[in-house]
*Asks:* 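Structure below; questions to follow.
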2 protein chains.
Amino acid sequence: MPLSTEPIQLPERSLQLFKALVDHFIQDGHPVGSRTLARDTNLELSPATIRNIMADLEDLGLLRSPHTSAGRIPTAKGYRLFVDSLLCVHDLDSSEIEKIAKELDSGQDMKSLLNRTSSMLSDITRLVSVVMLPRSDQPVLQHVEFVTLSDNRVLVILIVSDREIQNRIIHTARVYSASELQQASNYLNKVFSGKELTKVRTELIHELEQMKDNVSQLMQMAIEMAQKAFMSGESGDDYVLSGQTNLMNVAEMCDVEKLRKLFESFNQKRDILHLLEQSIHATGVQIFIGEESGYEVLDDCSIVTSPYEVDGQILGVLGIIGPTRMHYDRVIPIVDITAKMLGSALNSRN
Amino acid sequence: MPLSTEPIQLPERSLQLFKALVDHFIQDGHPVGSRTLARDTNLELSPATIRNIMADLEDLGLLRSPHTSAGRIPTAKGYRLFVDSLLCVHDLDSSEIEKIAKELDSGQDMKSLLNRTSSMLSDITRLVSVVMLPRSDQPVLQHVEFVTLSDNRVLVILIVSDREIQNRIIHTARVYSASELQQASNYLNKVFSGKELTKVRTELIHELEQMKDNVSQLMQMAIEMAQKAFMSGESGDDYVLSGQTNLMNVAEMCDVEKLRKLFESFNQKRDILHLLEQSIHATGVQIFIGEESGYEVLDDCSIVTSPYEVDGQILGVLGIIGPTRMHYDRVIPIVDITAKMLGSALNSRN
DNA sequence: TTTTGCACTCGGCTGACGAGAGTGCTAAAT
DNA sequence: ATTTAGCACTCTCGTCAGCCGAGTGCAAAA
């Protein structure tokens, strides 16, 4: 949630100075003082003047000093102003776009596509990337197929919601012929395809009980089989993360304990997931800066997300997680374009 | 590689003392001094005597002091003696065995089985676990199946080496009917099943060129399709890791830089993989202590591995990675039994 | 309104110092 | 001959003082 605040109206000069300060700080991470700023900006001002201006900015809550007599650093609110009004994102150079495109084109299945997207993202941003897997609200059975393996092992292929494919090997009491399996799958497809998985499951149970005696052996077999296959259906993992180690390079994360907490929350997924879900109905890139995320472990982190969509329908969210002091001007367009390209990559296979 | 050394012959008392020291150190990680040892062992000796003995042990290279006037800690050689001759592994209590069994039974596919094995291992050891995926030396095509999805999308299912199942969705130039696809898969299965994937690939190319004109449209289609499916065949990931964050809890790993290097080598996989492959032809549990591994990043780590096998044939290796100061008496039997149970779990689906 | 000058503050580095833990050696005791 | 007691010595760790440098805030001058 962006901190609600009256629109900040500042003299042009202060803004310029502020931007210079943030740029500087993002660059090398040290608190920046008046002298440095006087030297490095083209506005011809003495350190003293700059000190005055910085004092004003501090009063507005845009800056703070880590301690008396260090320079100033931006607050979350400061970063917010920065990304909202001051930041000029420069376009990606075509080599990078190409690199992204290359990772996303080839004809891979969904899961590995998302995996590659994620590792590509963390690779070029040198930060942690996260790609939320499409959460199929109500998975719909699209197609069932049986393939005989050796002996009494049967491979069940479930195609769910037109995208996800699940394989499961099940053991059957007796050996079934190919044609028997064919008939079984025909039956299942005819009766159940297009229905939600949960419904399929309950109906299967129902059917099994009701027609226990008079149903043909084959149907029984088919139902049992499908039921077995539907058991323990949930996939369990809801996003992929890459590049965690990148966080260990950033100076802000030098404290092991902090790092541990952060990593732990990556594993627990709950908080991160909740955060991602907030972005799922946003349009375009969304940014959570520092404490705006509402989770303490992420206090020194910013999250830049964007939903990705196919046919105007949002499938999921991807983004990167890094220190608040990150190169927003680079990260934002990267996230943006990746989301778009992922969307169209998914589209072309549809 | 175990350090080659003449068998150490020590008076019983020294050994007892040594074991007590290692136990103590493993327990709480502080260098242990003569006084503590005098207090906590049942041999009635004065600190001075113990100091003498410890000096001897240090001369033998089994102990060292981090600095003058700290207690002693075991060296890698010391740990080696400890695990080889002094360690008494206590059996796992049945609740733990049950827990392991529960994770490994249910009818999941291979990949998720290995995943769960890994996360289970890291969970109960509170260390990093690694499970090497079965490296199929020469993957053999067992079965191909085509399933029509909507329009011109076709799902290709490859069953490789009787275990691994790969799905791939490909786009075709025109729409094929179910029976066409059926025929195509029949053809492919007849001609290629049982052959190694690499061979299949080259033969397909060959076939495609040779019979370009006079081959039936269908065959062409089948071959193209299969070729598309075989492209980019390698899975890419060769082991699964879990529980990295556990390492951040152990006191020895308080240094971020060290930790980073370690994590990085987890990602690069090369070294770890090489290490695992050394164990692949060992029988039973194998242990690398500290520098024995030969990789600098692992200097303060021990690796406990065991191959897992089906029908007497070794499929892969699993194990755990932790600080040299780990509870070998717990970890060793856990790794051992997990490998065995994973083996039989894989067997039952075979 | 901006700049100059100046006193003040604070973090980080350094070096000193004492406490605590543990050792090695020697001499006494068993 | 082995074990123990005594003692001086060494090294780490934590604390504390002192100094330096960077940077601030304020008041007075430009």
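Reminder, nothing fancy here: chain letters follow the sequence lines and each chain counts from 1. All values below come from the heavy atoms of this structure, side chains included, with hydrogens, waters and symmetry mates left out.
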*Asks:* Where does the chain A footprint on DNA chain C start and end, counting 5' to 3' with a 4.0 Å heavy-atom cut-off?
*Replies:*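 The protein-touched segment is C:dT2 to C:dG11.
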*Asks:* So, is A:Arg64 close to the D:dT24 phosphate, meaning a side-chain N or O under 4.0 Å from OP1 or OP2?
*Replies:*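 A:Arg64 to D:dT24 OP1/OP2: no side-chain N or O under 4.0 Å.
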*Asks:* Distance under 6.0 Å and angle within 45° of the ring axis: does B:Lys269 meet both against B:Tyr239?
*Replies:*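 Because its charged atom sits under 6.0 Å from the ring centre and within 45° of the axis, B:Lys269 does stack over B:Tyr239.
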*Asks:* Heavy-atom count around B:Arg35 CZ within 6.0 Å, excluding the residue itself: above 12?
*Replies:*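 Result for CZ/B:Arg35: open.
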*Asks:* Are B:Ser129 and B:Ser118 close enough that a side-chain donor and a side-chain acceptor fall under 3.5 Å?
*Replies:*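 Indeed, the side chains of B:Ser129 and B:Ser118 share at least one donor-acceptor pair under 3.5 Å.
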*Asks:* Could you work out, with salt bridge (charged side-chain N to carboxylate O under 4.0 Å, His left out) as the rule, every residue matching B:Asp271, not counting sequence neighbours?
*Replies:*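 Here no residue qualifies.
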*Asks:* Would B:Glu296 and B:Lys261 pass as an ion pair if we require N to O under 4.0 Å?
*Replies:*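 Looking at B:Glu296 and B:Lys261, the cut-off is not met.
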*Asks:* Among B:Ile50, B:Val22, B:Thr49, which residue satisfies the side chain to side chain contact (heavy atoms under 4.5 Å, CB included) criterion with B:Leu17?
*Replies:*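 One option only clears the test, and that one is B:Ile50.
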*Asks:* Looking at DNA chain C, which of residues 50-59 of chain B put a heavy atom within less than 4.0 Å of it?
*Replies:*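 DNA chain C contact set from residues 50-59 of chain B: B:Arg51, B:Met54.
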*Asks:* Can you tell me if A:Tyr328 uses its side chain to pair, donor with acceptor, with the backbone of A:Thr324 under 3.5 Å?
*Replies:*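 Pair found, side chain donor or acceptor close to backbone of A:Thr324.
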*Asks:* B:Thr36 side chain to B:Val32 main-chain N or O, any donor-acceptor pair under 3.5 Å?
*Replies:*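 Here the side-chain-to-backbone pair does not exist.
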*Asks:* Between A:Ser279 and A:Thr305, is there a side-chain donor-acceptor contact under 3.5 Å, judged purely by atom types and distance?
*Replies:*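 Side-chain D/A pair, A:Thr305 to A:Ser279: present.
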*Asks:* Relative to the 5' end of DNA chain D, which residue comes earlier, B:Ala48 or A:Ser65, by the nucleotide with the nearest heavy atom?
*Replies:*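 Upstream on the strand: B:Ala48.
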*Asks:* For B:Ala70, answer base if it contacts any base atom (sugar-phosphate contacts may also be present), sugar-phosphate if it contacts only those atoms, and nothing otherwise; contact means non-hydrogen atoms under 4.0 Å.
*Replies:*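 Touches sugar-phosphate only.
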*Asks:* For B:Phe18, check ring-ring contact (aromatic ring centres under 6.0 Å, His included) against everything at least two apart and list the hits.
*Replies:*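 In terms of ring-ring contact (aromatic ring centres under 6.0 Å, His included), with neighbours along the sequence ignored, B:Phe18 is linked to no residue.
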*Asks:* For residues 17-36 of chain A, which residues have at least one heavy atom under 4.0 Å from DNA chain C?
*Replies:*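 Hits under 4.0 Å, by residue number: none.
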*Asks:* Quick one about A:Asn249 and B:Arg260 (side-chain donor to acceptor, distance below 3.5 Å, no hydrogens or angles considered), yes or no?
*Replies:*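 On atom types as modelled, these side chains qualify, holding a pair under 3.5 Å.
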*Asks:* Assess whether a salt bridge exists between B:Asp300 and B:Lys258, defined as any Lys/Arg side-chain N lying under 4.0 Å from an Asp/Glu carboxylate O.
*Replies:*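 Yes, this pair counts.
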*Asks:* To the nearest 0.5 Å, tell me how far B:Ile26 CD1 sits from B:His24 NE2.
*Replies:*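 Taking CD1 in B:Ile26 and NE2 in B:His24, the distance rounds to 12.0 Å.
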*Asks:* Tell me, for nucleotides 9-18 of chain D in 5' to 3' order, what letter each nucleotide earns: B for a base near a protein heavy atom under 4.0 Å, S for only sugar-phosphate near one, - for neither?
*Replies:* -BBS------
